[in-house]
Chemist: 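Please find one structure pasted underneath; my questions will follow.
Counting starts at 1 for both ligands and their atoms, in listed order.
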Amino acid sequence: MAESINRGNLKKIYEGKAKILYEFSGEEDKKDLLLTYFKDDATAFNGQKKGTIIKKGEYNNAISASLFKFLKNKGINNHFIEKISEREMLTYHLKMLPIEFIVRNIAAGSLAKKMGVEEGVKFLSPVIEMCFKSDELGDPMINKSYLKAFDLCDPADASKAEKIALEINEILSKFFDDNNIIVVDFKLEFGLYKNEVMLADEITPDTMRLWDKQTMEKVDKDRFRRDLGKVEEAYQRIVDITSQC
Ligand code: TMP
């Protein structure tokens with residue numbers, strides 16, 4: 001597929017904090033496809049902290065591609081089609097649900113603060129949260145009653161997404177555990193493709209918290225958020241692990 005891409009037809013349809021999305025303007029056979037370009041830009045705290053993680057675009061493209069392929073093999077359908085360059089992948093073009101689904105196994109980040117628990121406390125069972133995707137509002141947490149009330153999406157689709165998110169948690173927790181890493185929490189986004197609820201967006205150290213099982217050292221974007229240093233090394237470690245999956 002990579003060789004059949006005519007870059008002259010790429011039309012930017014969205015630029016976010018970490019990725020740029022392009023569609024294939026005027027190409028009938030690619031009307032259901034998107035090209036995602038992963039950037040090195042890094043932001044935190046809803047864009048208040050800005051920086052660059054050298055080669056993050058390459059790391060995150062590689063990690064997402066590996067994890068999407070791995071999940072597909074485990075029966076989790078997702079938008080990934082093919083990695084086409086160091087920083088680019090080809091995906092299906094989904095109608096995105098305007099919701100972020102966050103799955104948590106261990107207290108960290110905003111939940112540790114909100115519930116007044118020490119970071120590192122393991123929950124008795126996974127926590128799942130829904131947040132309305134809005135930078136202006138700081139992605140507020142919502143519940144299912146908001147979905148219909150604000151016409152955000154069909155609540156049945158959100159329920160399907162939640163179920164898939166919990167399955168993904170089991171699959172990724174096992175995979176990373178086998179590789180000496182604890183999956184603390186992560187964020188997923190879903191969309192509709194031909195009426196099917198399908199995993200989309202990215203799965204990377206930007207969107208997951210990963211801790212070393214022995215040392216509890218952070219191997220994710222918290223190293224950038226909290227100025228812990230060795231950010232690139234952390235991303236490279238996850239590239240190495242996921243390239244084996
Ligand atoms: P939080 O503890 O800051 O709410 O983050 C929970 C998880 O979600 C963490 O793995 C990072 C991820 N996340 C994103 O991917 N995007 C975001 O905008 C935020 C706030 C968190």
Chemist: Nearest non-hydrogen atom to atom 3 (O) of ligand 1 belongs to which of Met208, Glu129, Arg209, Lys114?
Modeler: Arg209
Chemist: Any side-chain donor paired with an acceptor under 3.5 Å for Arg104 and Ser110?
Modeler: yes
Chemist: So which bit of Arg225 gets within less than 4.0 Å of ligand 1, heavy atoms only: side chain, backbone, both or neither?
Modeler: side chain
Chemist: Using a strict 4.0 Å cut-off to heavy atoms of Gly109, name the atoms of ligand 1 that fall inside it.
Modeler: 2 (O)
Chemist: Return the option from Asp139, Val103, Asp185 holding the heavy atom at the smallest distance from atom 9 (C) of ligand 1.
Modeler: Asp185
Chemist: Working to the nearest 0.5 angstrom, can you tell me the gap between Leu199 CG and Phe101 CZ?
Modeler: 11.0 Å
Chemist: For residues Asn105 and Asn169, is any side-chain donor paired with an opposing acceptor at under 3.5 Å?
Modeler: yes
Chemist: State whether Asp206 and Lys17 are salt-bridged, where the test is any N-O pair (Lys NZ or Arg NE/NH1/NH2 against Asp/Glu carboxylate O) under 4.0 Å.
Modeler: no
Chemist: Does the side chain of Asn61 come under 3.5 Å of the side chain of Glu88 through a donor N or O and an acceptor N or O?
Modeler: no
Chemist: Under 4.0 Å from a heavy atom of Thr207: which atoms of ligand 1 are those, numbered in the order shown and with their elements?
Modeler: 10 (O), 12 (C), 15 (O)
Chemist: For atom 11 (C) of ligand 1, decide whether some protein heavy-atom distance is shorter than 4.0 Å.
Modeler: yes
Chemist: Would one find an N or O of Glu100, backbone or side chain, under 3.5 Å from an N or O of ligand 1?
Modeler: no
Chemist: Can any side-chain N or O of Asp139 pair as donor or acceptor with the backbone N or O of Ser134 at less than 3.5 Å?
Modeler: yes
Chemist: Looking at Asp151 and Leu147, would you say the former's side chain and the latter's main chain have a donor-acceptor pair under 3.5 Å?
Modeler: no
Chemist: For atom 1 (P) of ligand 1, which of Ser110, Gly47, Ala18, Ala44 has the closest heavy atom?
Modeler: Ser110
Chemist: Below 4.0 angstrom, counting only protein heavy atoms, does anything approach atom 21 (C) of ligand 1?
Modeler: no
Chemist: Counting from 1, what ligand 1 atoms have a heavy atom of Phe186 closer than 4.0 Å?
Modeler: 10 (O)
Chemist: Considering only heavy atoms of Arg104, which atoms of ligand 1 have at least one such atom less than 4.0 Å away?
Modeler: 1 (P), 2 (O), 4 (O), 6 (C)
Chemist: Below 4.0 Å from ligand 1: does a non-hydrogen atom of Asp206 turn up there or not?
Modeler: yes
Chemist: For atom 15 (O) of ligand 1, what's the nearest protein heavy atom and its distance?
Modeler: Lys187 CE, 3.1 Å
Chemist: Taking Thr204's backbone N and O only, do any of them form a donor-acceptor pair with Asn60's side chain (distance below 3.5 Å, no angle check)?
Modeler: no
Chemist: Applying the side-chain contact (heavy atoms from CB on, under 4.5 Å) test to Glu189, which of Thr207, Asp201, Ile203 qualifies?
Modeler: Asp201
